[in-house]
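In what follows, every heavy atom counts, from backbone to side chain, and hydrogens, waters and symmetry copies are set aside. Quick caveat, the model's predicted, so the values are computed rather than measured.
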Amino acid sequence: MNTQPTHRPIPAETVERVLARLGERSVVLVGMPGAGKSTIGRRLASLLRLPFVDADHEIERAAAMTIPEIFEKFGEAEFREGEKRVIARLLEGGRQVIATGGGAFMAEETRAAVRARAVSVWLKADVETLIGRVRRKSNRPLLAGADPEGALRRLLAAREPVYATADVTVQSRDIAHDDVVAALLAALARPTAAGATEIPVETVSPPTIAAETIAAEMVPAEIDTTPPHRHGGEAPMTIATALAAAPAGAAARETVTVGLGTRAYDILIGRGLDAGAEIAARFPGARASIVTDTTVADRHLAAFSDSLEAAGLEPHAIIVPPGEGSKSFRGLETVVDGLLEARRERGDLVVALGGGVIGDLAGFAAGIVRRGMRMVQVPTTVLAQVDSSVGGKTGINAPQGKNLVGVFHQPSLVLADLDLLATLSERHRRAGYAEIAKYGLIDDPGFFAWLEEHGADVVALGDGLAHAVATSCRAKARVVAADEHETTGARALLNLGHTFGHALEAGTGYGDRLVHGEAVALGMAQAFRFSAARGLCSPEDAARVERHLRAVGLPTRLSDVPGGLPDDEALLALMAQDKKVVRGRLVFVLVTGIGGAFLARDVPVEAVRAFLAEERSGEEARR
């Protein structure tokens, strides 16, 4: 179990003194790429209780293009014109903290606007520090050549004299973020803040921190590099015109509400969601314990913790090994111990940062620690965003089967940030897609037809992804609101393919041979073939489903599972452990066709046995 430290408090009187000295002025952070403007800006804004805006993000959102794409298509001169207009617009938006791009302050027009409406702060970093930070980035168009280090040195030499005209200079070295913020607040609190002064960080006595920790902490927040959908469908005549017209914060996002009366909650779907700001706005005064696994922690935890810390949520991390093995009594013990050792209270938050395993595990712990803590789901896989993060089913596996120990415990918020999916392997994107296809197969044939046309784009995280995720979440929300605890049978329809699929997962030991989404895809194909064999749906529909799932790279036959499977009797025994079993009778979700799922109670074991035998013999005959 690993933990993440909380930040040290800043005296309230310092904050109030800074706000008084600012008056109606904003704080504008300037400096080179890699100086930490976005990261420091978020923390500063949180402490001052002011909005934070990243000018580069606003440019990308308004243009519906990434900055490298703008440079490539329109050139730097056009970009700079648009950048000036964006910053001028932001400065008219009231008191806030604004992080600017590295070249923004070079324009005299921008410097004049900043002088009139803000206090400018140069985050000054030496070239070696900057090189170490920007080396990990691929979104710096002026540093994209064969010699980025040389380009950086030339830019720094040209820009430093201009940066030096900022009202305040603060050294941004490889130390804890809080020490940089403390130095910045100290400088802003002094009466001389409006006249150029340099406050070295050493005046706040920074602690010694391991180099590898520092390097991870000081990487600026990721830029949203996937453009949102354009409104109106037409590209702007010029980038500058579009940037001047677009409202601040115009990022495309959608909210789906799960209607559970006083326990209703929102699912926010979009790109580049500010998790800390969204959570803190809804749960003021709460502290957050992040539950995640080592794989997700390596990819996302540092930036995610920064966002929560900047919002005052005092993040603390509990990290477990990846995979179904953590969804166990031992994994549950690790999370529960972590929450109790951190002295988290009922009013605090458990935040699940990960896929379905983490969501189920963290949700179960939240449901039982102190007889129920509030829960926020931040799913990082397609499967979790469209299915497991919504609806409150939590639990762990037992030797006898999957998800047999758990509770219903609804989250208080779900943040489906589509940008978090970019680090997924193609295999896991495909696996998550199976749960998207499921919603069309249950009761939305129109959506399934749309997926037949756009499925490959969704798997590739293309333009259709947001529509697919939102449609899936709306479908799940409707079912959960109608049948939260599976008392009417409506929610059980969401288990299409799961009776077969869970048995196959258990039969492969919940390992890497068959991940959950793949098992669901295979199970759905089997459910359609079983329905066709029983005369419930047409063989053509069964073939159509199999054809589509295969087209996106998902397994549909037992022979697609590497390494072999248990025999039919063993699979039947595993099915008998399914949660839908009633008094020993098998219950399946079967279909009358695409979009026609229904609950079939008391399915004869002999029929299932005969079907499995036919599946195996048919595959042998095709070999």
*What pair of heavy atoms forms the shortest contact from V351 to A288, and how long is it?*
CG2-CB, 3.9 Å

*Given side chains that start at C-beta, do those of D457 and L465 come closer than 4.5 Å, heavy atoms only?*
no

_Spatial distance of atom OG (S172) from atom CH2 (W122) [nearest 0.5 Å]_ = 11.5 Å

*asked:* Determine whether a donor-acceptor pair (N or O, by modelled atom type, separation under 3.5 Å) exists between the side chain of S26 and the backbone of G94.
replied: yes

*Passes side chain to side chain contact (heavy atoms under 4.5 Å, CB included), V376 versus F283? Steps please.*
CA-CA 10 Å; V376 176; F283 312 106; 3.9 Å; yes

*List in chain and number order the residues that pass salt bridge (charged side-chain N to carboxylate O under 4.0 Å, His left out) with E426, two or more places apart in sequence or in another chain; answer none if no residue qualifies.*
R430

*Consider only side-chain N and O atoms of T255 and D266, and report whether a donor and an acceptor are under 3.5 Å apart.*
no

*Looking only at atom types and distance, does a side-chain atom of D417 sit under 3.5 Å from a main-chain N or O of G272, one as donor and one as acceptor?*
yes

*Taking the side chain as every heavy atom from C-beta outward, state whether L184 and V121 have any pair of such atoms under 4.5 Å apart.*
yes

*In Å, rounded to the nearest 0.5 Å, how long is the span from CZ of F79 to CD of E72?*
14.5 Å

*salt bridge (charged side-chain N to carboxylate O under 4.0 Å, His left out) with E160: which residues, sequence neighbours excluded?*
none

_Taking the basic N atoms (NZ, or NE/NH1/NH2) and the acidic carboxylate oxygens, is any pair closer than 4.0 Å for E81 and K84?_
yes

*Between E314 and L308, is there a donor-acceptor pair closer than 3.5 Å when you use the side chain of the first and the backbone of the second?*
no

*Is any NZ, NE, NH1 or NH2 atom of the basic residue among E108 and R115 found under 4.0 Å from an Asp or Glu carboxylate oxygen of the other?*
yes

*Is the shortest side-chain N to carboxylate O distance from R474 to E254 below 4.0 Å?*
yes

_Minimum side-chain heavy-atom gap L188-R21 below 4.5 Å_ = no

_Just verifying a value: how many Å separate L349 CG and L313 CG, rounded to the nearest 0.5 Å?_
7.0 Å

*Please examine the side chains of Y163 and L123, heavy atoms only from C-beta on, and report whether any two atoms are closer than 4.5 Å.*
no

*Answer yes if the side chains of S307 and D274 hold a donor-acceptor pair under 3.5 Å, and no otherwise.*
yes

*Does the pair T423 and H300 meet the rule for a side chain to side chain donor-acceptor pair (under 3.5 Å), with working shown?*
CA-CA 9 Å; T423 58; H300 301 299; 3.2 Å; yes

*Determine the minimum heavy-atom distance between R117 and L91, stating which atoms define it.*
CD-O, 3.5 Å

_Atom pair CD1/CD1 of I269 and I267 - distance to nearest 0.5 Å_ = 6.0 Å

_Quick check: closest heavy atoms across P315 and S305, and the distance to 0.1 Å?_
CG-O, 3.6 Å

*E24 with R95: basic N within carboxylate O range, under 4.0 Å*: no

Check: residues 97-104 side-chain donor-acceptor pairs under 3.5 Å, at least two apart:
{"residue": "T100", "atom": "OG1", "partner": "L29", "partner atom": "O", "Å": "2.8"}

_Would the distance check show the side chain of T292 and the main-chain N or O of L353 forming a donor-acceptor pair, the cut-off being under 3.5 Å?_
yes

*Answer yes or no: is there a side-chain heavy-atom contact under 4.5 Å between D179 and V181?*
no

*Would you say V170 and I40 make side-chain contact, with heavy atoms under 4.5 Å?*
no

*Evaluate side chain to side chain contact (heavy atoms under 4.5 Å, CB included) for V378 paired with L420, printing each intermediate quantity in order.*
CA-CA 9 Å; V378 185; L420 294 178; 3.9 Å; yes

_Inter-residue atom distance L418.CG - L461.CG, 0.5 Å rounding_ = 8.5 Å

_For E76, is there an ion pair with R80 - N to carboxylate O distance below 4.0 angstrom?_
yes

*Can you measure from CZ (R429) to CG (L383) and round to the nearest 0.5 angstrom?*
14.5 Å

*Is atom CD of E109 surrounded by more than 12 heavy atoms (other residues, nucleotides or ligands) closer than 6.0 Å?*
no

*Nearest non-hydrogen partners of I87 and A55, listed with the distance*: CG1-CB, 4.3 Å

*With no hydrogens and no angle check, is any side-chain donor or acceptor of R159 less than 3.5 Å from a backbone partner on G31?*
no

*asked:* Which label fits F447 and H467: parallel for a plane angle under 30°, tilted from 30 to 60°, or perpendicular past 60°?
replied: perpendicular

*Mind listing the closest non-hydrogen atom pair of A384 and S389 along with its distance?*
O-OG, 2.7 Å

*Indicate whether the side chain of S289 and that of R344 have a donor and an acceptor atom separated by less than 3.5 Å.*
yes

*With a 4.0 Å cut-off, would you call K37 and D54 a salt bridge?*
no

_Closest contact, heavy atoms only, A416 versus P379_ = CA-CG, 4.4 Å

*asked:* Under the criterion side chain to side chain donor-acceptor pair (under 3.5 Å), I'd like the reasoning laid out for D387 against S472: C-alpha separation, chi angles, the key distance, then a yes or no.
replied: CA-CA 8 Å; D387 185 62; S472 300; over 6 Å; no

*asked:* Treating Q377 as the side-chain partner and L415 as the backbone partner, does any N or O pair qualify as donor plus acceptor under 3.5 Å?
replied: no

_Pair E83-I59, side chain to side chain contact (heavy atoms under 4.5 Å, CB included): steps then yes or no_ = CA-CA 7 Å; E83 183 178 50; I59 291 167; 3.9 Å; yes

*Decide yes or no on side chain to side chain contact (heavy atoms under 4.5 Å, CB included) for V350 and V291, but give the supporting numbers first.*
CA-CA 7 Å; V350 178; V291 181; 3.9 Å; yes

*Under 4.5 Å between any side-chain heavy atoms of K476 and V386, yes or no?*
no

*Please check if the side chain of R111 supplies one atom and the backbone of F105 the other of a donor-acceptor pair under 3.5 Å.*
yes

_Flag side-chain contact, heavy atom, 4.5 Å: L152 against M32_ = yes

